Amino acid sequence: METRETLTRPVDKLVYVMLCMYADNKTKTSYPSAERLAQLCHCSERSVRYALHRLDEAKLIRIEARKDARGYRTSNVYYLLEPPEELP
């Protein structure tokens, strides 16, 4: 499992910052699409998905799949967890 100390990729930090920018101040939830995050971070959707996975493993975010009324997956909601004193 990856820890906060091993999050050294700039894209990981940039995706985290973008999630923070999109987050609701009260609920600490964020739900931009991977496509939108890729546009904002000037990288591929695949890079964003890997970064999201690493952030989840590092316990900086929690990812929850959202579904519509029919039960089809629509998008993810990202919960920002207690931030560290500083990112490595």
Side-chain angles (χ1 to χ4, degrees):
M1 178 194 273
E2 212 157 322
T3 63
R4 289 179 178 155
E5 290 75 33
T6 59
L7 288 175
T8 57
R9 293 177 181 92
V11 68
D12 297 345
K13 295 175 186 178
L14 187 53
V15 168
Y16 183 72
V17 167
M18 291 302 162
L19 287 174
C20 291
M21 287 180 60
Y22 272 81
D24 179 276
N25 287 333
K26 292 182 182 179
T27 64
K28 304 293 188 225
T29 58
S30 184
Y31 41 89
S33 68
E35 180 183 8
R36 180 66 181 142
L37 287 169
Q39 290 170 349
L40 293 168
C41 297
H42 300 282
C43 65
S44 68
E45 283 186 50
R46 186 176 187 145
S47 294
V48 167
R49 292 184 196 284
Y50 281 131
L52 290 168
H53 177 73
R54 286 189 294 270
L55 291 167
D56 184 41
E57 284 185 339
K59 305 286 189 244
L60 291 171
I61 63 170
R62 182 170 56 89
I63 303 171
E64 183 179 296
R66 295 193 305 175
K67 297 182 180 182
D68 65 13
R70 298 173 297 166
Y72 292 107
R73 187 173 179 169
T74 58
S75 61
N76 291 331
V77 61
Y78 305 102
Y79 294 90
L80 300 177
L81 304 178
E82 188 63 34
E85 291 294 321
E86 64 180 65
L87 288 173

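All values reported here derive from a predicted model rather than from experimental measurement.
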Exercise. Only one of Leu40, Ile61, Leu60, Val48 clears side chain to side chain contact (heavy atoms under 4.5 Å, CB included) with Val15; which?
Worked result: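 Exactly one pass, corresponding to Val48.
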For this session: Please identify each residue that fulfils side chain to side chain donor-acceptor pair (under 3.5 Å) with Ser44, with sequence neighbours left out.
Result: Ser47
Problem set entry | Inter- and intrachain pairs under salt bridge (Lys or Arg N to Asp or Glu O under 4.0 Å), touching residues 27-50, at least two apart |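 Pairs touching residues 27-50 that pass the test: Glu45-Arg49.
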Problem set entry | Pairs satisfying salt bridge (Lys or Arg N to Asp or Glu O under 4.0 Å), at least one member in residues 61-70, at least two apart |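 Output for this query lists Arg62-Glu64, Asp68-Arg70.
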For this session: With the side chain counted from C-beta on, respond yes when Ile63 and Leu55 share a heavy-atom pair under 4.5 Å apart, and no when they do not.
Result: no
Exercise. Going by heavy atoms in the side chains, are Pro32 and Met18 under 4.5 Å from each other?
Worked result: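 Side chain of Pro32 against side chain of Met18, heavy atoms only: no contact under 4.5 Å found.
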Problem set entry | Single-linkage hydrophobic cluster Tyr50~Val11, side-chain heavy atoms < 4.5 angstrom |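 Different hydrophobic clusters.
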Problem set entry | Contacts of Ala69 that satisfy side-chain contact (heavy atoms from CB on, under 4.5 Å) - sequence neighbours left out | none
Exercise. Between OH of Tyr16 and OG of Ser30, what distance do you get to the nearest 0.5 Å?
Worked result: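 OG of Ser30 is found 11.0 Å from OH of Tyr16.
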Problem set entry | Remaining members of the apolar cluster that contains Tyr72, side-chain heavy atoms under 4.5 Å |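 Via sub-4.5 Å side-chain contacts, Tyr72 links to none.
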Exercise. For Val77, which fellow cluster members are found when Ile, Leu, Val, Met, Phe, Trp and Tyr are connected by side-chain heavy-atom distances below 4.5 angstrom, either directly or through intermediates?
Worked result: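 Val77 clusters with Tyr31, Tyr79.
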Exercise. Can you name the nearest heavy-atom pair linking Thr29 to Thr27, along with the distance?
Worked result: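 In this case the closest contact between Thr29 and Thr27 is OG1-OG1, 2.8 Å.
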